[in-house]
2 protein chains.
Amino acid sequence: MIITKAGRRMFPAMRVKMTGLDPHQQYYIAMDIIPVDNKRYRYVYHSSKWMVAGNADSPVPPRVYIHPDSPASGETWMRQVVSFDKLKLTNNELDDQGHIILHSMHKYQPRVHIIRKECGEELSPVKVIPTGDGVRAFSFTETVFTTVTAYQNQQITRLKIDRNPFAKGFRDSGRNRMGLEALVESYAFWRPSLRTLTFEDIPGMTKQDGWNRILWWLLSFIKTDWKILTSYQQR
Amino acid sequence: MIITKAGRRMFPAMRVKMTGLDPHQQYYIAMDIIPVDNKRYRYVYHSSKWMVAGNADSPVPPRVYIHPDSPASGETWMRQVVSFDKLKLTNNELDDQGHIILHSMHKYQPRVHIIRKECGEELSPVKVIPTGDGVRAFSFTETVFTTVTAYQNQQITRLKIDRNPFAKGFRDSGRNRMGLEALVESYAFWRPSLRTLTFEDIPGMTKQDGWNRILWWLLSFIKTDWKILTSYQQR
DNA sequence: CACTTTACACCTAGGTGGTAAGAT
DNA sequence: ATCTTACCACCTAGGTGTAAAGTG
């Protein structure tokens, strides 16, 4: 995932569907991003792999992205897909825009928090999320990512350009972009287990959310495990 | 003020500075827009005046614009200028976007509401604002406006084009737009009392807010009281 | 005739990766 | 060598008044 000084969105954005909330209870929804391990990585081109390159850098100031619809009732949260598309990542440890601060070349995993609102309680974008009875956290292994300041891998770049509307200017104008269906098929050829990851298998998941999860999966798959490509135009 | 089916912003937007709130108390800030009288108007070109053209149309569904930062602490509200620039007006009585519904060719006045948040209370965009001990309403006579679907008066059009960044494409490219200082001077020549309306006279008012209030004042002045111009290119 | 609606060119505002220069 | 930064062209998204067509 690209991180910049000014702050950069994640793509694709995390989108989650809530169930089982108390319709009349007020909740905050928040996201933080935690290190997957204590390592720093570098990308090795000849093997197309991320490899450990030492221990993690010193911790950064903790930040929490409070979903802008917070607080809202369980009913409101459950009626919609909750999208984190406005969340931004930065590598600026002195950031004062409330963005989430991360180290480049490290592995991270987003966490979604559901926090029951007690009267008078206050949630802060710069404090660690409290733990307790009314707080639950969820994370999804397919959303693990590696931070970079420039893409290390042409396949990641291609997926981003093909799927992110804001990168349309970089698409090959010659032919239509590859549909995600076809993309999944081609990846599945090399990695049969991916065949099972279709949204039809996940009850209650909409088509759009399904594609987002598949895309997440592809991205993490390519970053950590891609074996086909041996030459890279990009450094 | 222009109203459309899809919803149109007010320009200039209302911007208010809060004082005297309890820093630790939570408040909603909201706006509604109430009829100034029970009349319908038409614009008479030869006299450059809005004139009564019958009684008001039947009432529209009541709508409230809840400021998107709501709820927030008194401290938060007082730290910033509270801007209502995302509020939209519509003439569509079946609107489902939560915009404020108004009749065209009527006179209206925005009201700002400060609502102390009690635990468990809920504020709705489609309900009338409650009255009670923790609720206060403010309105400013210089923000009275007349609704239209197309401008009736070339001077209003010119002020909007000159001051609204989104209308830059319609500005005379030949000369620089008239500074608001010069604008006020020229209007004051015909209406000496306007001279007194400068932001320096209003304690605690920032320059930017001052210009906004003067602009509001100019707009209502022109609409209701302009006597200089006798010919209109625009119908 | 007196308004209202629609399609449009032209803006603001801001999200993309590319590219070349900078930093260590 | 390796990673980061600043600037850029090219997009999306949406706020303007205009002009012409629509409405009753």
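Throughout, protein chains are lettered first and strands after them, A, B, ... in sequence-line order, and every chain is numbered starting at 1.
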> Whole angstroms only, please: what is the NZ-C1' distance between A:K86 and C:dA13?
13 Å
> In whole Å, what is the span from the CD atom of A:Q152 to the P atom of C:dG18?
12 Å
> Out of C:dT5, D:dC3, D:dC11, which has the shortest distance to the side chain of B:N91?
C:dT5
> Is A:K168 near enough to D:dT12 that one of its side-chain N or O atoms lies under 4.0 angstrom from OP1 or OP2?
yes
> For a 4.5 angstrom cut-off between non-hydrogen side-chain atoms, does A:F11 reach A:R163?
yes
> Can you list everything that forms a side chain to side chain contact (heavy atoms under 4.5 Å, CB included) with A:K39? Sequence neighbours excluded, please.
A:D37, A:Y41, A:V52, A:N55
> Relative to the 5' end of DNA chain C, which residue comes earlier, B:P165 or B:K5, by the nucleotide with the nearest heavy atom?
B:K5
> Rounding to a whole Å, what distance do you find between A:R163:CZ and D:dC11:P?
18 Å
> Measure from the side chain of A:Y45, starting at C-beta and using heavy atoms only, and say which of D:dC11, D:dC3, C:dT4 lies closest.
D:dC3
> Checking B:R40 now: which residues fulfil side-chain hydrogen bond (donor to acceptor under 3.5 Å, both in side chains) with it, not counting sequence neighbours?
B:D57
> With B:T149, which residues qualify under side-chain hydrogen bond (donor to acceptor under 3.5 Å, both in side chains), at least two apart?
none
> Are any of B:T4's side-chain N or O atoms less than 4.0 Å away from OP1 or OP2 of C:dT4?
no
> Identify each atom pair where a protein N or O and an N or O of nucleotides 14-17 of chain D are less than 3.5 Å apart, giving names and distance.
from, atom 1, to, atom 2, distance (Å)
D:dG15, OP1, B:K88, NZ, 3.0
D:dG15, OP2, B:K88, NZ, 3.0
D:dG15, N2, B:F166, O, 2.9
D:dT16, OP1, B:N164, ND2, 2.8
D:dT16, O4', B:F166, O, 3.4
D:dG17, OP1, B:Y151, OH, 2.7
D:dG17, N7, B:R8, NH2, 2.5

> In whole Å, what is the span from the NE2 atom of B:H103 to the P atom of C:dC3?
15 Å
> Could you pull out all residues at least two apart from A:R42 that satisfy salt bridge (charged side-chain N to carboxylate O under 4.0 Å, His left out)?
none
> Which residues pass the salt bridge (charged side-chain N to carboxylate O under 4.0 Å, His left out) test with B:R111, sequence neighbours left out?
B:D32
> Do any side-chain nitrogens or oxygens of A:T149 fall under 4.0 Å of OP1 or OP2 in D:dT5?
no
> Per the end-axis method with five pairs at each terminus, what is the bend angle of the helix from C:dC1-D:dG24 to C:dT24-D:dA1, to 10°?
20°
> Show me, pair by pair, the donor-acceptor contacts under 3.5 angstrom made by side chains of residues 95-103 of chain B, not counting sequence neighbours?
from, atom 1, to, atom 2, distance (Å)
B:D95, OD1, B:H99, ND1, 3.4
B:D95, OD2, B:R63, NH1, 2.8
B:D95, OD2, B:Q97, N, 3.1
B:D95, OD2, B:G98, N, 3.1
B:D95, OD2, B:H99, N, 3.1
B:H99, ND1, B:A6, O, 3.4
B:H103, NE2, B:S58, O, 3.2

> In whole angstrom, give the distance that lies between atom CG of A:N153 and atom C1' of C:dG17.
14 Å
> Rounded to the Å, how far apart are B:H46 NE2 and C:dA2 P?
12 Å
> CG of A:L89 versus P of D:dT4: gap in Å, rounded?
14 Å
> Quick one: B:D57 CG to D:dG24 P, roughly how many Å, whole number?
16 Å
> Partners of B:M18 by side chain to side chain contact (heavy atoms under 4.5 Å, CB included), sequence neighbours excluded?
B:V16, B:L21, B:I29, B:W77, B:M78, B:V82, B:V112, B:I114
> Can you check whether B:R9 reaches B:F166 side chain to side chain, under 4.5 Å on heavy atoms?
yes
